[in-house]
Number of protein chains: 2
Amino acid sequence: MKSKHERKATPTISQVAAAAGVDRSTVSRAFTRPAMLSAETVQRVLDAAERIGYVPNHTARALSTGRHGNIALIVPDVANPFFPPLIRAVQREADQLDFCLFLGNTDEDPYQEDKLVGRFAGQVAGMILASSRLPEAQIRAHTSKRPLVLINRDVNGIPRVLIDSGSGVEEAVAHLASLGHRGIVYISGPASSWSNRQRRNAVRKAAEKLGLKHFTVPAPIPSYQAGRAAAPQVLRTGATAAIAFDDVTAHGLLAGLSDNGVAVPRDFSVVGCDDVLGAVTQPALTTVSNWSVEAGRAAVSLLFDMLQSSAIRDVRYVLETHLVVRDTTGAATPRQAL
Amino acid sequence: MKSKHERKATPTISQVAAAAGVDRSTVSRAFTRPAMLSAETVQRVLDAAERIGYVPNHTARALSTGRHGNIALIVPDVANPFFPPLIRAVQREADQLDFCLFLGNTDEDPYQEDKLVGRFAGQVAGMILASSRLPEAQIRAHTSKRPLVLINRDVNGIPRVLIDSGSGVEEAVAHLASLGHRGIVYISGPASSWSNRQRRNAVRKAAEKLGLKHFTVPAPIPSYQAGRAAAPQVLRTGATAAIAFDDVTAHGLLAGLSDNGVAVPRDFSVVGCDDVLGAVTQPALTTVSNWSVEAGRAAVSLLFDMLQSSAIRDVRYVLETHLVVRDTTGAATPRQAL
DNA sequence: GCTTGACATGCAACCGGTTGCAGAGAATAG
DNA sequence: CTATTCTCTGCAACCGGTTGCATGTCAAGC
């Protein structure tokens with residue numbers, strides 16, 4: 001007798017029930033609430049299951065309980081070195097809780113992000129949006145479907161984990177001022193990035209407090225190329241130091257300065273952000289530390305708190321940063337002296 | 001009247017059916033096989049769905065059809081720069097086919113890999129294993145559960161996409177020989193890595209053919225640190241050039257050589273593998289190109305071929321590589337001349 | 001000895017869709 | 001005008017689990 005359509009022979013709960021001589025519900029309980037059954041029955045069922053090679057069906061369980069053992073993480077760009085450690089941390093945490101992780105990549109495109117949220121919503125318990133580029137209203141709308149946690153995006157009433165690079169950037173400005181720099185450039189990142197706004201404001205505020213001139217040069221998509229290309233414009237400002245939106249951009253800027261015959265740190269100082277490159281640049285990059293791994297962990301933990309008690313609460317989890325001084329910052333050299 | 005338990009008000013097919021005045025099955029067909037229905041009926045149903053805000057339930061659909069719109073990708077280390085572009089490519093392809101992507105990270109641990117395969121199996125149509133560290137027998141065993149595609153792992157009878165770094169490595173050895181190098185070191189990667197075996201063999205074969213001495217220095221986990229730490233041992237061999245398992249290791253080696261006062265490329269030549277760092281090292285790294293994006297795309301495409309026609313076929317998709325000469329290789333300087 | 005209650009298990013409805021089959025009309029053929 | 005076919009839609013079973021409720025058993029309580 002042939003099976004209906006050559007379906008893969010995955011054993012079901014009914015087959016286990018038959019083999020163990022009990023009802024399907026008993027098999028179910030043996031797996032989910034064994035305390036409810038006598039020890040012998042549980043053992044008999046488990047033995048039978050083992051023998052047949054039964055494995056509970058995730059999909060069926062999700063349908064009947066409404067609980068999915070899945071969560072989703074959406075990021076703007078997997079390939080940006082800021083994210084892989086974060087992704088790894090989230091995946092590991094999820095794994096430890098027996099959850100599977102969906103990954104979405106938006107390529108910095110809000111429309112794509114919205115689409116992914118919709119696609120995932122049906123099969124996850126909750127979602128984590130890292131550096132979301134979505135308008136606030138849309139984020140709000142999505143919370144009605146599933147519990148949401150944000151990373152590096154500050155929306156009132158939605159649990160969020162923020163890496164406060166402001167504190168580190170302030171330190172960086174102070175550090176540059178103490179080295180004698182009188183004018184600094186901020187190379188800005190994506191316009192809709194919360195981190196970018198935060199960093200730009202921190203530069204402005206700190207510079208004004210210390211009486212430094214400050215400029216902004218845009219690099220809308222953070223990348224090595226964009227940083228490299230920004231060098232001439234940066235030099236044209238007459239400033240002697242720059243703080244870049246992130247390490248990748250800073251790395252590019254280093255190359256761009258070198259292209260223009262400007263030596264770092266002798267003639268010009270550079271500070272990055274996120275400390276994702278470690279000490280691998282030449283010279284080693286002074287940067288602002290980051291806690292992306294901790295942010296990932298915290299986000300998962302927040303999400304699970306939400307799943308347990310649906311008391312909607314307003315959590316704002318802030319991680320401080322600080323300056324990591326390496327070799328790309330040095331005493332200011334007046335530009336006319338070059 | 002309160003709902004049973006404050007369940008999120010997700011509209012179901014029944015509510016749409018009621019609103020449109022048709023049977024549930026008609027609603028279902030309006031979405032899945034509209035040609036079967038009259039145009040007006042379809043329109044009426046879609047309107048009602050739109051009005052109510054109905055979205056088909058992925059889980060329920062998967063249960064009743066046995067088809068999951070999900071695939072899984074498992075990698076050894078998300079944070080290794082080889083993988084993010086591949087992950088991104090896979091995610092994008094999947095997305096275009098309206099599939100969701102599960103991501104697993106094994107931390108190079110076969111046990112973890114096995115666990116993840118099991119966890120995913122229940123809710124995916126198929127899986128892609130990149131650089132699997134699993135014993136061949138286990139990989140075989142898994143194929144009975146779900147269609148599987150391998151990347152950079154060569155197992156007979158299982159569809160696989162291979163980046164043939166052998167060809168590029170051979171070119172690298174020839175390039176070094178033509179520059180006058182008489183001894184070269186291979187810095188090896190993970191023991192269970194297919195790519196590592198392939199590269200090691202290619203170095204050995206090419207070196208022997210050209211009459212060069214060759215040595216192997218291990219760096220079991222490929223990383224910047226491991227590469228840097230390997231420098232003294234590399235120098236001790238007396239060779240004047242090294243080919244590293246990957247770019248990250250090569251990058252570390254560059255730093256390690258610098259630590260030891262050895263100038264590249266004047267005193268020593270270095271070649272990487274995978275071209276993941278672009279030209280961002282100082283000096284820019286000579287390396288073997290890679291096609292991780294194409295590999296990701298090809299893997300997804302293979303997987304979908306398998307899902308469509310279950311004719312199990314033996315596909316071996318090989319991507320050639322070649323040498324990319326940049327600035328870390330130069331004419332050999334006899335070591336005694338230092 | 002009869003009541004009460006705790007414990008273990010079975011029954012059957014339900015989660016939200018899909019799909020084979022059957023029947024009602026309408027259209028076409030003879 | 002009747003027989004046949006074709007279109008469209010409804011009925012009901014099914015996917016593989018979970019869970020509230022009912023039932024039966026057995027021991028403790030009075």
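In what follows, chains are A, B, ... by sequence order, proteins preceding strands, each numbered from 1. Heavy-atom basis, side chains included; hydrogens, waters and symmetry copies ignored.
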For atom NE2 of B:H68 and atom P of D:dG16, their distance in whole Å | 10 Å
Please tabulate, one pair per line, all N/O donor-acceptor pairs under 3.5 Å involving side-chain atoms of residues 52-59 of chain B, not counting sequence neighbours.
{"from": "B:N57", "atom 1": "OD1", "to": "B:T59", "atom 2": "N", "distance (Å)": "2.7"}
{"from": "B:N57", "atom 1": "OD1", "to": "B:A60", "atom 2": "N", "distance (Å)": "2.9"}
{"from": "B:H58", "atom 1": "NE2", "to": "A:Q123", "atom 2": "NE2", "distance (Å)": "3.4"}

Residues at least two apart in sequence or cross-chain that pass salt bridge (charged side-chain N to carboxylate O under 4.0 Å, His left out) with A:R67, listed by chain then number, are none
Between C:dC15 atom C1' and A:L63 atom CG, what is the distance in whole Å?
-> 4 Å
A:R33 side chain, from C-beta outward: closest of D:dT19, D:dT18, C:dG17 | D:dT19
Expected string for nucleotides 6-12 of chain D under the B/S/- scheme (protein heavy atoms, under 4.0 Å, primed atoms plus P, OP1, OP2 as sugar-phosphate) is --SBBBB
Collect all protein-nucleotide pairs involving nucleotides 4-6 of chain C in which both atoms are nitrogen or oxygen and the distance is under 3.5 Å.
none

Pairs of donor and acceptor atoms involving the side chains of residues 17-29 of chain B, under 3.5 Å and at least two apart or interchain, shall be tabulated with distances.
{"from": "B:D23", "atom 1": "OD2", "to": "B:S25", "atom 2": "N", "distance (Å)": "2.9"}
{"from": "B:D23", "atom 1": "OD2", "to": "B:S25", "atom 2": "OG", "distance (Å)": "2.8"}
{"from": "B:S25", "atom 1": "OG", "to": "B:R29", "atom 2": "NH2", "distance (Å)": "3.4"}

Applying salt bridge (charged side-chain N to carboxylate O under 4.0 Å, His left out), name anything that partners B:E294, two or more places apart in sequence or on another chain.
-> none
Please name all residues satisfying side chain to side chain contact (heavy atoms under 4.5 Å, CB included) with B:V155, sequence neighbours left out, ordered by chain then number.
-> B:E136, B:I139, B:R140, B:L150, B:R153, B:I158
For B:R119, salt bridge (charged side-chain N to carboxylate O under 4.0 Å, His left out) partners two or more places apart = A:D95, A:D98
Closest to the B:T32 side chain: D:dT19, C:dG16, C:dT18?
-> C:dT18
Mind checking A:Y54 for me? I need base, sugar-phosphate or nothing, with any heavy atom below 4.0 Å counting as a touch.
-> sugar-phosphate
How sharply is the helix from C:dG1-D:dC30 to C:dG30-D:dC1 bent, taking the axes over five pairs at either end and rounding to 10 degrees?
-> 50°
For B:N80, what residues pass the side chain to side chain contact (heavy atoms under 4.5 Å, CB included) criterion, not counting sequence neighbours?
-> B:D77, B:F82, B:F83, B:P222, B:D246
Would you say the side-chain atoms of A:N152 pair up with the backbone N or O of A:S131, donor to acceptor, closer than 3.5 Å?
-> no
Would you mind reading off the distance between B:Q123 atom CD and D:dG16 atom P, rounded to a whole angstrom?
-> 16 Å
Let me know the distance between CZ of A:R67 and C1' of C:dG16, rounded to the nearest Å.
-> 17 Å
Between P of D:dT18 and CZ of A:R61, the distance in whole Å | 4 Å
With respect to the phosphate group of D:dT18, does any side-chain polar atom (N or O) of A:S28 fall under 4.0 Å of OP1 or OP2?
-> yes
Qualifying ring-ring contact (aromatic ring centres under 6.0 Å, His included) pairs, either residue in residues 122-156 of chain A, two or more places apart | none
Give, for atom CZ of A:R160 and atom CD1 of A:I128, the distance between the pair rounded to the nearest 0.5 Å.
-> 15.5 Å
With A:E108 via salt bridge (charged side-chain N to carboxylate O under 4.0 Å, His left out) - residues at least two apart = A:R133
Figure out the CD1/C1' separation between A:I13 and D:dT19, and round it to whole Å.
-> 12 Å
